[in-house]
Q: 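Supplied in structure tokens, the structure appears directly below.
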Amino acid sequence: MNWYIKVLKNYATFSGRARRKEYWMFGLIQGIVWGILYGLMLTSDSSLIAGIFIVFVLATLVPSLAVVVRRLHDIDRSGWFYFISLIPVVGPLILLVWSCKAGTTGANRYGADPKAEQPAGIIQ
């Protein structure tokens, strides 16, 4: 949950780098919350649930884009490579492979290595 909150605190920070763990934990929790809200929306006729779902999706859109851009920065690619996902079938697969790839070791042109910023002896 700390990884999810960390991404939300960096709401619109498109600079810097994001570790794989930060990216995937955010995606996991985001997917669970989306699934629960979507399931509630489908099973109830309440417009309140639908409104909450829409507000949640819109509120987390910018942090979702920001963490993808920071993840691309971690593998030393420009955030503009996000638009490769617009290529049907192949684009999302390329982005998936890149998001699974280990980040560059040490500093790169987008900032310091996020793994190096972790204090020694703390397992996360």
Q: Which atom pair, heavy atoms only, marks the closest approach of Arg71 to Ala18?
A: NH1-O, 3.2 Å
Q: Are Tyr82 and Tyr11 joined in one hydrophobic group, where the rule is that I, L, V, M, F, W and Y side chains link up if heavy atoms are under 4.5 Å apart?
A: yes
Q: If you take all heavy atoms of Leu65 and Phe14, which pair is closest and at what distance?
A: C-CE2, 3.9 Å
Q: Can you measure from CD1 (Ile49) to CG (Leu42) and round to the nearest 0.5 angstrom?
A: 11.5 Å
Q: Strictly distance-based, threshold 3.5 Å: is any side-chain N or O of Arg70 a donor or acceptor partner for the main-chain N or O of Thr13?
A: yes
Q: If you look at every heavy atom in Glu22 and Val7, which pair is closest and at what distance?
A: OE2-CG2, 3.6 Å
Q: Mind listing the closest non-hydrogen atom pair of Trp3 and Arg19 along with its distance?
A: CH2-NH1, 3.9 Å
Q: Could you give the distance from CD1 (Ile5) to CD1 (Ile29), rounded to the nearest 0.5 Å?
A: 8.0 Å
Q: Give the minimum heavy-atom separation between Asp74 and Pro114, together with the two atoms involved.
A: OD1-CD, 3.6 Å
Q: I need the Phe53 CZ to Ser46 OG distance, nearest 0.5 Å.
A: 14.0 Å
Q: Please report the interatomic distance NZ(Lys115) to NZ(Lys21), rounded to the nearest 0.5 Å.
A: 10.0 Å
Q: Look up atom CZ in Phe26 and atom CG in Leu8, then write down how far apart they are to the nearest 0.5 Å.
A: 5.5 Å
Q: Under 3.5 Å, is there a donor-acceptor pair between the side chain of Asn108 and the main chain of Ile75?
A: no
Q: May I have the list of side-chain donor-acceptor pairs in residues 90-101 shorter than 3.5 Å, sequence neighbours left out?
A:
residue: Ser99; atom: OG; partner: Leu95; partner atom: O; Å: 3.2
residue: Ser99; atom: OG; partner: Leu96; partner atom: O; Å: 2.8

Q: Grab the two heavy atoms, one from Gln30 and one from Ser64, that are nearest each other, plus how far apart they are.
A: NE2-OG, 3.7 Å
Q: Spell out, yes or no, whether Leu37 and Leu48 are grouped together once hydrophobic residues are joined by side-chain heavy atoms under 4.5 Å, including indirect joins.
A: yes
Q: Around atom CZ of Phe56, are there more than 12 heavy atoms of other residues, nucleotides or ligands at under 6.0 Å?
A: yes
Q: Taking only residues two or more places apart in sequence or in another chain, which ones pass ring pair (Phe, Tyr, Trp, His ring centres under 6.0 Å) with Tyr23?
A: none
Q: Given side chains that start at C-beta, do those of Tyr4 and Thr60 come closer than 4.5 Å, heavy atoms only?
A: yes
Q: Do NZ/NE/NH1/NH2 and the carboxylate oxygens of Asp76 and Arg109 come within less than 4.0 Å?
A: yes
